[in-house]
Amino acid sequence: MEEHEQVTARRNKLAELRRLGCRAYPNDFQPRDLAADVAAKHADSTAEVLEADASQVSIAGRLMAIRSFGKAAFAQLQDRSGRLQIYVTRADSGEDQFAVFRQLDLGDIVGVEGKLFRTRTGELTILVERLCYLAKALRPLPEKWHGLQDVELRYRQRSLDLLVNPEVRRVFERRALMLQSVRLFFTARGFLEVETPMMQAIAGGALARPFVTHHNALDIDLYLRIAPELYLKRLVVGGLDRVFELNRNFRNEGVSTQHNPEFTMLEFYQAYATYEDMMALTETLVAELATEVVGALRIPYGDHEIDLTPPWRRVSMKDAIAEQTGLARDAVDDPVRLRAFAEEQGIPVTVGMPHGKVAVEIFEKTTEATLIQPTFIVEYPVEVSPLARLSDDDPSLVDRFELFIAGRELANGFSELNDPTDQRQRFEAQLEARRGGDDEAHAMDEDYVRALEYGMPPTAGEGIGIDRLVMLLANAASIRDVILFPQMRPERP
RNA sequence: GGGCCGUUAGCUCAGGAGGUAGAGCAGCUGCCUUUUAAGCAGCGGGUCGAAGGUUCGAGUCCUUCACGGCCCA
């Protein structure tokens with residue numbers, strides 16, 4: 001393959017650097033300072049103060065701009081903290097080092113040491129006395145002004161994206177801060193962080209299609225988990241009354257701005273609590289995270305301003321449907337009339353589909369996207385909630401909620417079903433649904449029922465989609481903007 | 001899965017109604033010791049996503065495919 005002219009030019013400069021006595025990839029330069037620290041420390045230092053200060057600073061990073069004159073040059077050096085201008089002159093750095101500098105390109109990594117001064121325009125700058133070439137960028141960087149715009153290239157070559165688009169780094173710094181805050185929040189409340197299997201013989205805990213893999217030595221198929229739920233509740237049976245897990249789930253479904261096949265889920269379980277306690281805990285958690293990460297409770301998201309100030313609205317699914325569609329509440333309660341409405345609206349409902357599931361279908365199609373401000377939808381139908389405790393008031397419902405913000409589901413929580421007999425019957429009902437063609441129905445898990453038979457305390461639990469929460473707090477439109485390496489089709493040669 | 005849109009130099013983008021492929025940045029050569037997207041002068045760089053088709057002639061029109069984006073399911 002023919003090498004690009006710009007790559008050839010850079011290879012030639014690398015050869016010239018060797019000729020000048022540089023090692024090609026040295027590793028003996030240790031920067032003592034960071035660009036942003038230096039800038040902060042000397043933000044108010046006048047030219048005279050800097051002149052009188054004999055101390056040296058040393059930073060290392062990537063050359064992101066070079067403005068070169070004959071015997072001197074300004075350049076921008078970028079490290080993990082930010083950028084600082086350097087000034088290299090033949091007089092101050094010496095003939096040999098200046099010759100090295102002249103072989104450097106945008107993107108090259110160097111270390112410099114020298115004294116600070118202020119330029120004519122007042123910019124804090126290092127006058128370079130020692131210059132160490134550290135690594136060559138053999139490929140040219142994207143354009144300095146527009147950065148890398150092509151979203152396909154940005155996702156496929158995240159290194160380059162991070163390098164030239166500083167706002168991308170900020171999103172992932174925000175994400176890291178949020179994860180750290182989540183851990184502090186739960187550990188401060190007595191929750192134990194645990195890790196449960198990602199490879200499971202039965203993919204339980206949610207209604208979704210799993211990825212399948214194979215264990216050679218055991219000669220068994222295993223599933224990548226779609227949820228950690230059933231393992232976390234086994235731990236509650238075992239006396240770990242408060243547990244949380246913050247890690248990846250895998251679902252073998254489509255890719256979109258809202259879905260990546262692997263995504264990060266927070267799940268937590270608290271004994272002697274109810275789903276109402278979980279709603280209150282969620283309000284506190286999200287409000288705290290927003291304050292921590294964004295610094296405000298009213299946050300911008302796309303065209304909206306979201307107000308995360310607790311408490312949030314709570315409304316039953318059927319009331320929400322009635323409110324949105326204009327149907328009378330008794331029509332929503334009536335299986336025949338509700339089904340007729342679905343068919344009239346072109347919402348696909350199958351012949352044997354139970355009333356509760358028809359309601360959920362209608363809710364998802366008509367109402368979900370309208371829930372912009374934080375809203376807990378409560379009173380979920382039992383047919384779509386095989387792991388949730390029955391409502392004491394209405395046996396067709398369970399003590400469950402989902403949280404919607406900006407038209408998207410962010411969390412799902414409920415009082416846990418801890419009656420092993422009921423749990424077995426629910427699994428059997430799911431098997432029936434599966435035989436009826438529902439390939440997302442929950443599988444039977446005998447081992448889990450056996451665990452429940454030892455007695456699980458009354459418990460409530462919840463899952464929160466972390467990527468979506470990061471999207472909200474980082475004002476990102478696509479899940480790919482908050483996942484470092486989103487799933488893409490492989491490039492074809 | 002369906003609809004719409006995109007794919008042109010390393011990057012960011014133009015390319016009217018089919019008639020020899022353009023700019024800026026980046027690169028190369030030269031000048032330049034206070035620049036800020038530095039400046040000035042000159043030069044090089046293209047399988048126009050791929051494959052077919054229509055046409056005297058296709059970046060441009062048609063078909064299929066690939067990859068991506070947005071919307072819908």
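To find a chain, count down the sequence lines: A is the first, B the second, and so on, and within it residues start at 1.
Spacing of P atoms, B:rC28 relative to B:rG18, comes out at 41 Å, to the nearest Å. When the C1' atom is compared between B:rU34 and B:rG30, the two are found 22 Å apart, to the nearest whole Å. Look at the C1' atom in both B:rA26 and B:rG53: the space between them is 38 Å, to the nearest Å. Spacing between B:rA37 and B:rG3 at atom C1', rounded to whole Å, works out to 40 Å. When the P atom is used for both B:rC13 and B:rU55, the distance is 37 Å, rounded to whole Å. Nucleotides B:rC62 and B:rU54 place their C1' atoms 7 Å apart, quoted to the nearest Å. To the nearest whole angstrom, the two C1' atoms, one in B:rA51 and one in B:rC67, are 15 Å apart. A gap of 43 Å separates the P atoms of B:rG49 and B:rU35, to the nearest Å.
A search for salt bridge (charged side-chain N to carboxylate O under 4.0 Å, His left out) contacts involving A:Arg170 returns nothing, not counting sequence neighbours. For the salt bridge (charged side-chain N to carboxylate O under 4.0 Å, His left out) test, residues two or more places apart in sequence or in another chain that qualify with A:Lys13 are A:Asp105. For A:Leu116, the side chain to side chain contact (heavy atoms under 4.5 Å, CB included) test picks out A:Val38, A:His42, A:Leu50, A:Val57, A:Leu124, A:Ile126, with sequence neighbours left out. Applying the salt bridge (charged side-chain N to carboxylate O under 4.0 Å, His left out) rule to A:Glu143 yields no partners; only residues at least two apart in sequence or on another chain are considered. Considering only residues two or more places apart in sequence or on other chains, A:Ser256 meets the side chain to side chain contact (heavy atoms under 4.5 Å, CB included) condition with A:Gln258, A:His259. Contacts of A:Arg90 classified as salt bridge (charged side-chain N to carboxylate O under 4.0 Å, His left out), with partners at least two apart in sequence or in another chain: A:Glu95. Not a single side chain to side chain contact (heavy atoms under 4.5 Å, CB included) links A:Glu51 to another residue, sequence neighbours left out. For A:Leu134, the side chain to side chain contact (heavy atoms under 4.5 Å, CB included) partners at least two apart in sequence or on another chain are A:Pro26, A:Phe29, A:Ala60, A:Ile109, A:Cys132.
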Item to complete: Summarise how protein sits on nucleotides 29-36 of chain B as a single string, 5' to 3': B when a protein heavy atom is under 4.0 Å from the base, S for sugar-phosphate-only contact, - for no contact.
Response: ---BBBBB
Worksheet item: What string of B, S and - do you get for nucleotides 5-13 of chain B 5' to 3' if you count protein non-hydrogen atoms under 4.0 Å?
Response: -----BBS-
Under 3.5 Å, sequence neighbours excluded: what are the donor-acceptor pairs made by side chains of residues 347-365 of chain A?
unit_1, atom_1, unit_2, atom_2, d
A:His355, NE2, A:Val332, O, 3.0
A:Lys357, NZ, A:Asp438, OD2, 3.0

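Between the side chains of A:Thr89 and A:Asp92, at least one donor N or O lies within less than 3.5 Å of an accepting N or O. Using modelled atom types and a 3.5 Å distance limit, the side chains of A:Thr125 and A:Gln85 yield a donor-acceptor pair. A:Arg83 and A:Gln76 form no side-chain donor-acceptor contact under 3.5 Å, judged by distance and modelled atom types alone.
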Practice prompt. Starting at the 5' end of RNA chain B, write a dot or bracket for each base, bracketing those in Watson-Crick or G-U wobble pairs whose two distances are under 3.5 Å and using | for partners on another strand.
Written response: (((((((..((((.....[..)))).(((((.......))))).....(((((..]....)))))))))))).
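In this structure, A:Ile479 places its CD1 atom 17 Å from C1' of B:rC70, rounding to the nearest Å. If you take CG of A:Leu138 and P of B:rG27, they are 14 Å apart, rounded to a whole angstrom. One interatomic measurement links the two molecules: NZ of A:Lys13 to C1' of B:rA26, which rounds to 11 Å at whole-angstrom precision. What separates NE2 of A:His259 from P of B:rA73 is a distance of 13 Å, to the nearest Å. The nearest whole Å value for the distance from the CZ atom in A:Arg489 to the P atom in B:rG68 is 6 Å. Distance CD (A:Gln345) to P (B:rC72): 16 Å, rounded to an integer number of Å. Taking atom CD1 on A:Ile66 and atom C1' on B:rG27, their separation rounds to 12 Å, with Å as the unit. Computed from coordinates, the A:Asp105 CG to B:rC28 C1' distance equals 11 Å when rounded to whole Å.
Within 4.0 Å of A:Arg480, counting heavy atoms only, lie sugar-phosphate atoms of the nucleic acid but no base atom. At the heavy-atom level, A:Arg154 lies nowhere under 4.0 Å from the strands shown.
Considering only side-chain N and O atoms, A:Lys365 lies nowhere under 4.0 angstrom from the phosphate OP1 or OP2 of B:rA73. Contact check, A:Arg156 against B:rG68: a side-chain N or O comes under 4.0 Å of OP1 or OP2.
Of the candidates B:rA37, B:rC28, B:rC71, B:rC71 carries the atom nearest the A:Thr257 side chain, counting heavy atoms from C-beta on.
Anti is the glycosidic conformation of B:rG69, whose angle departs from 0 by more than 90°.
Two rings, from A:Phe401 and A:Phe376, have their centers less than 6.0 Å apart.
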